[in-house]
Amino acid sequence: MSIPIPRILVVGGGGHARSVMDAISASGVYEIAGIVDPDSSASYLGHTVLGSDDDLFDLHESGFEVAAIGVGYLGGGDGSRARVYKRLLEVGFELPNIVDPTAAVAADVVLGEAAFVGKLAVINTAAVVGDGAIINSGAVVEHDCAIGQLAHVSVNATLCGGVTVGEGAMIGAGATVIQGVRIGKNAIVGAGSVVLRDVPEATTVVGVFHG
């Protein structure tokens with residue numbers, strides 16, 4: 001007798017949510033049950049909205065136990081992803097990691113809960129990725145990096161070995177952070193930047209950053 005595939009709700013209906021749903025569908029680990037979003041017209045891959053954030057408790061009570069965060073993070077104090085993460089925990093949802101099958105994740109990488117790893121991303125040996133973090137499409141997180149909770153390593157960004165990214169920080173698309181550098185909590189590294197020195201908390205840097 002076949003074992004039924006567990007159902008999962010995707011909370012969020014925008015572009016990042018569609019990336020998450022595509023990864024879920026490709027992996028075959030979960031069956032997408034539907035979307036939770038204030039916009040009742042949101043849909044993707046034939047999946048439609050089952051309710052809004054106000055309905056999460058009732059949805060959980062009705063038997064939905066697993067959810068994925070479909071809300072992205074743009075840095076700069078945008079706390080929507082953090083709020084969704086906290087709410088889902090409060091309600092009692094299980095929050096698995098969603099890893100696209102095309103990503104390369106070393107066997108000893110430690111992933112917290114509710115992380116997302118996008119298409120063709122690389123996470124190399126001994127890296128640690130915190131709860132709710134995003135490692136987006138084509139990003140490279142090299143050996144011994146530590147990515148904080150709810151941080152975002154954007155599309156095609158490269159973190160060389162031993163980089164630390166603080167909680168809620170964002171590394172912009174195509175940015176490069178050289179080995180051993182520390183990016184502070186809630187800091188933002190602009191798209192295409194090259195970071196050669198540590199970045200303080202809640203600081204935005206662009207271009208070539210020497211400190």
- Task: Give a yes or no on whether Val10 and Phe64 share a hydrophobic cluster (residues Ile, Leu, Val, Met, Phe, Trp, Tyr; joining criterion: side-chain heavy atoms under 4.5 Å apart).
- Result: no
- Quick one: NZ on Lys185 to CD on Glu167, what's the gap to the nearest 0.5 Å? 4.5 Å
- Message: In this structure, is the centre-to-centre distance between the rings of His16 and Phe116 below 6.0 Å?
- Response: yes
- Task: Looking only at non-hydrogen atoms, find the nearest pair between Ser154 and Ala173 and report the distance.
- Result: CB-N, 3.4 Å
- Query: Checking Asn97 side chain against Gly112 main chain: does a donor-acceptor pair fall under 3.5 Å?
  - Reply: yes
- Nearest 0.5 Å please: distance from the CE atom of Met21 over to the OG atom of Ser43. 8.5 Å
- Just wondering, do Leu196 and Val208 contact through their side chains at under 4.5 Å, heavy atoms? yes
- Identify the heavy atoms of Gly13 and Ile35 that sit nearest to each other, and give their distance. CA-CG2, 4.1 Å
- Query: For Arg87 and Leu56, what are the C-alpha separation, side-chain angles and deciding distance, and is it a side chain to side chain contact (heavy atoms under 4.5 Å, CB included)?
  - Reply: CA-CA 9 Å; Arg87 177 61 176 155; Leu56 284 170; 3.8 Å; yes
- Query: Which atoms form the tightest heavy-atom contact between Gly130 and Ala115, and what is the distance?
  - Reply: O-CB, 4.2 Å
- What are the two closest heavy atoms between Pro96 and Val66, and how far apart are they? CD-CG1, 3.5 Å
- Task: Let me see the working for Ile171 and Leu159 under side chain to side chain contact (heavy atoms under 4.5 Å, CB included), right down to the final yes or no.
- Result: CA-CA 9 Å; Ile171 312 300; Leu159 306 183; 4.2 Å; yes
- Task: Answer yes or no: is there a side-chain heavy-atom contact under 4.5 Å between Ile123 and Val117?
- Result: yes
- Item | Cys160 side chain reached by Val177 side chain, heavy atoms, under 4.5 Å | no
- Message: Can you confirm whether Val195 sits close enough to Ile178 that some side-chain heavy atom of one is under 4.5 Å from a side-chain heavy atom of the other?
- Response: no
- Message: Exactly one of Asn136, Asp22, Thr102 should register a side chain to side chain donor-acceptor pair (under 3.5 Å) with Lys119. Which one does?
- Response: Asp22
- Message: Under 3.5 Å, is there a donor on one side chain and an acceptor on the other for Tyr85 and Glu90?
- Response: no
- Task: Please answer whether the main-chain N or O of Gly168 pairs with a side-chain N or O of Tyr73 as donor and acceptor at a distance below 3.5 Å.
- Result: yes
- Message: Same cluster or not: Leu150 versus Val84, using hydrophobic residues (I, L, V, M, F, W, Y) connected whenever any side-chain heavy atoms lie under 4.5 Å apart?
- Response: yes
- Task: Mark yes or no for whether Arg81, through its side chain, and Gly132, through its backbone, hold a donor-acceptor pair below 3.5 Å.
- Result: yes
- Message: Would a single hydrophobic cluster contain both Ile98 and Val109, if residues Ile, Leu, Val, Met, Phe, Trp and Tyr are joined by side-chain heavy-atom contacts under 4.5 Å?
- Response: no
- Approximate separation, where rounding is to 0.5 Å, of Gln149 CD and Asp131 CG: 5.0 Å
- Item | Criterion side chain to side chain contact (heavy atoms under 4.5 Å, CB included) on Ile135 and Val129, from CA distance to verdict | CA-CA 9 Å; Ile135 311 299; Val129 178; 4.3 Å; yes
- If you look at every heavy atom in Ala151 and Val165, which pair is closest and at what distance? CB-CG1, 3.9 Å
- Task: Starting at OG of Ser25, measure out to CD of Glu31 and round the result to the nearest 0.5 Å.
- Result: 10.0 Å
- How about Leu50 and Leu9: do any of their side-chain heavy atoms sit closer than 4.5 Å? yes
- Quick one: are Val11 and Asp53 in side-chain contact, heavy atoms under 4.5 Å? yes
- Query: Val20 and Val155: same hydrophobic cluster, using ILVMFWY side-chain contacts below 4.5 Å?
  - Reply: no
- Flag the pair Val205 / Ile188 as yes when at least one side-chain heavy-atom distance between them is below 4.5 Å, and no otherwise. no
- Where is the tightest heavy-atom contact between Ser52 and Pro38, given as atom of each residue plus distance? CB-CA, 4.2 Å
- Item | Parallel, tilted or perpendicular: ring planes of Phe93 versus His60, cut at 30 and 60 degrees | perpendicular
- Give, for atom CD1 of Ile69 and atom CG of Leu88, the distance between the pair rounded to the nearest 0.5 Å. 6.0 Å
- Message: Assess the residue pair Glu94 and Glu65 against the criterion (side chain to side chain contact (heavy atoms under 4.5 Å, CB included)); give the C-alpha distance rounded to whole Å, side-chain angles, the decisive distance to 0.1 Å, and a yes or no.
- Response: CA-CA 6 Å; Glu94 177 187 344; Glu65 298 180 348; 5.7 Å; no
- Message: Tell me whether Asn156 contacts the main-chain N or O of Ala139 through its side chain, where contact means a donor paired with an acceptor under 3.5 Å.
- Response: no
- Are Ile8 and Leu95 co-members of a hydrophobic cluster defined by side-chain heavy atoms under 4.5 Å apart? no
- Query: At what distance, to the nearest 0.5 angstrom, does CG of Asp100 lie from OG of Ser137?
  - Reply: 7.5 Å
- Message: Does any part of the side chain of Leu89, heavy atoms only, come nearer than 4.5 Å to the side chain of Val91, both counted from C-beta?
- Response: no
